[in-house]
There are 10 protein chains.
Amino acid sequence: MPSQPSKELETFDNPQPERDYTIRIRIPEFTCLCPKTGQPDFAELHLEYVPDHLCVELKALKMYVWSFRDEGAFHEAVTNRILDDLVTATQPRFMRLTADFNVRGGIYTQVVAEYRDPDWQAPACVDLP
Amino acid sequence: MPSQPSKELETFDNPQPERDYTIRIRIPEFTCLCPKTGQPDFAELHLEYVPDHLCVELKALKMYVWSFRDEGAFHEAVTNRILDDLVTATQPRFMRLTADFNVRGGIYTQVVAEYRDPDWQAPACVDLP
Amino acid sequence: MPSQPSKELETFDNPQPERDYTIRIRIPEFTCLCPKTGQPDFAELHLEYVPDHLCVELKALKMYVWSFRDEGAFHEAVTNRILDDLVTATQPRFMRLTADFNVRGGIYTQVVAEYRDPDWQAPACVDLP
Amino acid sequence: MPSQPSKELETFDNPQPERDYTIRIRIPEFTCLCPKTGQPDFAELHLEYVPDHLCVELKALKMYVWSFRDEGAFHEAVTNRILDDLVTATQPRFMRLTADFNVRGGIYTQVVAEYRDPDWQAPACVDLP
Amino acid sequence: MPSQPSKELETFDNPQPERDYTIRIRIPEFTCLCPKTGQPDFAELHLEYVPDHLCVELKALKMYVWSFRDEGAFHEAVTNRILDDLVTATQPRFMRLTADFNVRGGIYTQVVAEYRDPDWQAPACVDLP
Amino acid sequence: MPSQPSKELETFDNPQPERDYTIRIRIPEFTCLCPKTGQPDFAELHLEYVPDHLCVELKALKMYVWSFRDEGAFHEAVTNRILDDLVTATQPRFMRLTADFNVRGGIYTQVVAEYRDPDWQAPACVDLP
Amino acid sequence: MPSQPSKELETFDNPQPERDYTIRIRIPEFTCLCPKTGQPDFAELHLEYVPDHLCVELKALKMYVWSFRDEGAFHEAVTNRILDDLVTATQPRFMRLTADFNVRGGIYTQVVAEYRDPDWQAPACVDLP
Amino acid sequence: MPSQPSKELETFDNPQPERDYTIRIRIPEFTCLCPKTGQPDFAELHLEYVPDHLCVELKALKMYVWSFRDEGAFHEAVTNRILDDLVTATQPRFMRLTADFNVRGGIYTQVVAEYRDPDWQAPACVDLP
Amino acid sequence: MPSQPSKELETFDNPQPERDYTIRIRIPEFTCLCPKTGQPDFAELHLEYVPDHLCVELKALKMYVWSFRDEGAFHEAVTNRILDDLVTATQPRFMRLTADFNVRGGIYTQVVAEYRDPDWQAPACVDLP
Amino acid sequence: MPSQPSKELETFDNPQPERDYTIRIRIPEFTCLCPKTGQPDFAELHLEYVPDHLCVELKALKMYVWSFRDEGAFHEAVTNRILDDLVTATQPRFMRLTADFNVRGGIYTQVVAEYRDPDWQAPACVDLP
Ligand SMILES: [Ca+2]
Ligand SMILES: [Ca+2]
Ligand SMILES: [Ca+2]
Ligand SMILES: [Ca+2]
Ligand SMILES: [Ca+2]
Ligand SMILES: [Ca+2]
Ligand SMILES: [Ca+2]
Ligand SMILES: [Ca+2]
Ligand SMILES: [Ca+2]
Ligand SMILES: [Ca+2]
Ligand SMILES: [Ca+2]
Ligand SMILES: [Ca+2]
Ligand SMILES: [Ca+2]
Ligand SMILES: [Ca+2]
Ligand SMILES: [Ca+2]
Ligand SMILES: [Ca+2]
């Protein structure tokens, strides 16, 4: 059966839940439609998160990103919405989503939104010289 | 009706006011006139802000930037003035404007100004390894 | 007297007319108006030429480029027109003008036009290893 | 009326038909569907041509590129097809289309196709030192 | 059935055999074994060709590249061998293979080999200014 | 005797154990197999650590990295496993492993995991202007 | 009257003294003489400061930089001296000068010096994600 | 008398001892011998320090670096040793040495070591926006 | 005796006069004075030549470049003049001088001049794939 | 027995002598001594050749490059000498050696020398669009 766009985000068990570690995912091929003009918009998504018990499955994530192809979406709203969906699916300790939209009208826009589990304390980052 | 340069900055409702998040806007096509010589000056503007209840509308922002095309403006003053106009229009939690001016007399100048809502506390930035 | 935009291109005598040599001039600050929308357009101009008896004077060239600031101009036409003006002013052995326009509607456009003096023979370029 | 995807390519009269000159157009936002998997494919298109009597209109070109969004297309075939459509619409002296497709299966593919008007002779390119 | 490494190179019909055009394929993930030490070697392959009646199928090409993972191979010999296999499979008008091997002993090696169909005449490349 | 892949990590005595200092090791040639498809995966590993009494021996580290060539391994699990092996072998004060995997399905993944000796206090990094 | 090298640094009133903001100035064309050999030295200067009541005037700054052209100056001493002159002239809240000297004897040197007004408290920099 | 390799590090008086400031020195031409194989090793050294009463003299530093040309030296040990020699010679408030060694066996190594005068307190770095 | 600026260009015997080969010399530190304003101008010089019986001595070349420090010089004239001086001194088979001047008035200028010995025939450059 | 510097260049049989193909070798770690000052010089060597019956063996090439470590050598002479040694050892159809020397006295030098077998005809390079 061929793959299909889908809003369902699958997960798998975090293989190392006793350790805070970072997963970064870069998705250069996001596209949706501008709600005002109906014309295509394009963006590159950057996701970084500290998993708790679940990690997001990459193939399902690809189908999820595909599912916006025919939907109208404002830059600010869709970035927050994708973050919310990913948080709901994976219940991470921390998650940050950055969306870099292509230039429109000579202006470049980026939106960055975060989720922090209120029970989680970010460890101070060791900055080696 | 064709679009016109305008000092009016339009806004729209922040779709996620309960969350601190970042909007970055890069505007490579700012030009005004040098008050001393009358000759054109050019700059690239970088805006980054945490919206409160309002976001700045991009098409109006473009017309606003256009409105400086025939005005004389010193580097330091115009950067602070644009920041003030944007703060007045959007009442953000935080806003930073960087203006990178083209070389003049072999010297490159950049001006960076910020506004912080006194009621807003910047959350400590999570720095993942 | 302050400088003014001007279509007059001044020249000076080529100090070495007995030798074919190349002068390259890069002008990052060209701006005119889109004839359809009235909105500003921006481009970077690259000029390269082999002078005959005259070279173009740089300060006058700057005023000439400035003179397009309030004029409507299509990409293809204005590139050919600037080349023609420069050829008329300097009567070069060879001249090439490249105009790199900023993105519009997600599309980037460049126009390149040349003039060759029919009496001039381009010497074979020595390509050293 | 909002703009629509369309296979119709509009043209305008070449403002300088007596001169061979180059127009380059870069289109980073091409997307179609893979005929085997149905999944989205992405490419950046580079067009360069020497116009004869007609130039391609940029807004119509954008709608034309949009029209492939829901069509299945193989890399080699779609590159040749887009070139053919542009040649039919503009009857250029010379045209070259390069399509840089995003990585698939760890492999990057580029296709480059050209049209040369049999009546047109490419002038030897002057290579200045 | 899961995919397997294989020396079989599949092809498909060139959709535009009446036109000389270029297909470029970049394969960053080539690895084989050093015949002297038995240790892994790594290279990035660049293939460019003008197809005649057949194009190489990308998925089979990936399996073919995989098939060298457990084989010992000298840099010069394996580059020529891969070119020969690709020529045998696709019978192209022209084909060039470049293999960029990773540094060994502080020395970087690249090998470039070509095939030209004796019946094919390379058209003079149009070099637009 | 030719070298062999091996999971044994050899160490040597830290020549300066009384000082906290940083060792960074970049390994561009990691490859393993995808447990789902059996196909090769590729990554670049970045290791940075503060040694205590032992440093990792580079030639043995190379054989250790080689030992994953024929093993199936998920991105998240293998990064944590390699970190654990290196921590077991060297008992460092601090260690961070970053694995940058090649693109799969149009998506790029990076995993970063750390170990901190509970008895060790990271000195505040002096950030000179 | 033609401009002259001069140690006099002119200033103008800060247009926004009630706000801490940053002015950055890059000067690629600094040259002085080596006191040991008498030969020319070259450097690129980077100045960044938070003005209090006065800003440095750019044209006078250019003449000031020019005034070192015929003076002997050691790297460390001249960087501290220029900083002192600029502090004396503008009485800033904060000022940092970086001097990047060209390679000499195969060695590259950079000197960075700062002044902080003891009455001024640097606001914690807001680091947006 | 021609210059000679030498382990003697000369110094000169810090011209501004009452101010904490930074001196950075980049030395791309370090070479020594591998103690295991006897073959040459190469590295780029980066030194940054806050001088107290003495600065290191550059010409003597060059001779000092030269003195390792015929000596066997392990990466970790030689980095710490050079730092120690420089600290002994200049008695700085703070000093950091980074050694970037060339690739060996497909692996890149960097070592970073620091000295902090126990009586010196690093001032909080002002991070201007 | 300390070195001095000097217009004398010293040479040494070409060690391989029976072979055409290329010497390239890059000089980033050229400075002279603008004849109109008296202010300093800066350029990077690139020299490439095929020696006949003489090569230019590098230390003398440095003193020669230094000798323009206090002289007024127009871009086009000084480039041709330096080429002439170098040709007179070395009588090369071929010589090309490129001068890249720093931006002035927002405009960047480059001048390229060549000398060809009329008795010398440039060999066709072998362009390996 | 540990490896030693040596002027002996070993070869192996070209595995594909019936085809003209290119081998490129980059050697970043060449060092010799300046005959005037006795101080170390550094260069990066680039070798490209079309083998006839013999290819140069890489490990012996490394020992050969090492053999210059304690020898005095002028830039122009040593580049021609290394080319001659490599030609003598491998009798290639074509060979080009480029030596990029590190900056000395603020000046960068590159030397490029070639050998062409008089019986060999360079095939016209196919330049695909
Ligand atoms: Ca760090
Ligand atoms: Ca981060
Ligand atoms: Ca970090
Ligand atoms: Ca060349
Ligand atoms: Ca050219
Ligand atoms: Ca050229
Ligand atoms: Ca071209
Ligand atoms: Ca740091
Ligand atoms: Ca720092
Ligand atoms: Ca920031
Ligand atoms: Ca940040
Ligand atoms: Ca800073
Ligand atoms: Ca900062
Ligand atoms: Ca070549
Ligand atoms: Ca090519
Ligand atoms: Ca080409």
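Basis for what follows: all heavy atoms, side chains included, without hydrogens, waters or symmetry-related copies. In what follows, every chain begins at residue 1, and chains take the letters A, B, ... in the order their sequences are listed.
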- Query: Shortest non-hydrogen contact from G:I107 to H:L58?
  - Reply: CD1-O, 3.9 Å
- Task: Report the residues that fulfil ring-ring contact (aromatic ring centres under 6.0 Å, His included) with G:F42, sequence neighbours left out, ordered by chain and then residue number.
- Result: none
Quick one: donor-acceptor pairs between chain H and chain G, under 3.5 Å, side chains and backbone, table format.
from   : atom 1 : to     : atom 2 : distance (Å)
H:Q16  : NE2    : G:D84  : OD2    : 3.4
H:R19  : NE     : G:E114 : O      : 3.4
H:R19  : NH1    : G:N80  : OD1    : 2.8
H:R19  : NH1    : G:D84  : OD1    : 3.4
H:R19  : NH2    : G:D84  : OD1    : 2.7
H:T22  : N      : G:V112 : O      : 2.9
H:T22  : O      : G:V112 : N      : 2.9
H:R24  : N      : G:Q110 : O      : 2.7
H:R24  : O      : G:Q110 : N      : 2.8
H:R24  : NH1    : G:Q110 : OE1    : 3.0
H:R26  : N      : G:Y108 : O      : 2.8
H:R26  : O      : G:Y108 : N      : 3.0
H:E57  : OE2    : G:K36  : NZ     : 3.1
H:K62  : NZ     : G:G105 : O      : 3.3
H:A124 : O      : G:R116 : NH1    : 2.9
H:A124 : O      : G:R116 : NH2    : 2.9
H:V126 : O      : G:R96  : NH2    : 2.7
H:L128 : O      : G:R24  : NH2    : 3.4
H:P129 : O      : G:R24  : NH1    : 2.9
H:P129 : O      : G:R24  : NH2    : 3.1

- Message: On a heavy-atom basis, which atom in G:G106 and which in H:P28 lie closest, and how many Å separate them?
- Response: O-CD, 3.1 Å
- Query: What part of G:A77 is in contact with chain H, defined as an atom under 4.5 angstrom from a non-hydrogen atom: side chain, backbone, both or neither?
  - Reply: both
